[in-house]
Amino acid sequence: MAIDKKHILYIFGSIVVMLLIPFIAMQFTEEVQWSLFDFIVAGILLFVFLFLGALFLQLKKPLLKYVAVLALVILFVLLWLELAVGIFGSPISGS
């Protein structure tokens with residue numbers, strides 16, 4: 001179970017497009033204030049979750065595939081929210 005180079009390029013392309021959204025928003029408003037560290041963390045987070053998602057989608061059993069991807073999406077959203085606004089109040093929160 002491996003991911004080919006084409007899928008890796010799609011993952012990197014998707015990450016670049018997603019990170020362009022806050023970068024462009026920073027040019028037009030003061031509401032979005034990301035540092036280089038924010039972009040690095042977001043890029044790593046997106047790469048890890050997109051890579052794992054691509055791996056999970058290659059699983060043979062459909063139920064296991066859907067449960068794994070759903071769990072991955074939930075984990076990603078919770079981690080992203082914690083980093084952004086600190087919904088759990090952990091030391092890694094952004095608030």
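The structure presented is a predicted model; accordingly, all values stated were derived computationally and were not measured.
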Is it possible for you to say whether [X] and [Y] belong to one hydrophobic cluster, with membership spreading through side-chain heavy-atom contacts below 4.5 Å?
| X | Y | answer |
| --- | --- | --- |
| I92 | I44 | yes |
| L20 | I15 | yes |
| Y66 | L50 | no |
| I21 | I40 | no |
| L36 | W34 | yes |

Non-neighbouring partners of Y10 that pass side chain to side chain contact (heavy atoms under 4.5 Å, CB included), sequence neighbours left out: K6
Check [X] against [Y] and note the closest heavy-atom contact, atom names and distance.
| X | Y | answer |
| --- | --- | --- |
| E82 | S90 | OE2-OG, 2.6 Å |
| F56 | K65 | O-CG, 3.5 Å |
| L19 | G43 | CD1-CA, 4.0 Å |

Between [atom1] on residue [X] and [atom2] on residue [Y], distance to nearest 0.5 Å:
| X | Y | atom1 | atom2 | value |
| --- | --- | --- | --- | --- |
| I8 | F47 | CD1 | CZ | 5.0 Å |
| F23 | D38 | CZ | CG | 13.5 Å |
| I3 | L9 | CD1 | CG | 12.0 Å |

Exceeds 12 heavy-atom contacts within 6.0 angstrom, atom CD of E31: no
Beyond-backbone contact of L57 with H7, side-chain heavy atoms, under 4.5 angstrom: no
Identify each donor-acceptor pair in which a side-chain atom of residues 67-79 lies under 3.5 Å from a protein atom, sequence neighbours left out, and give them as a table.
none

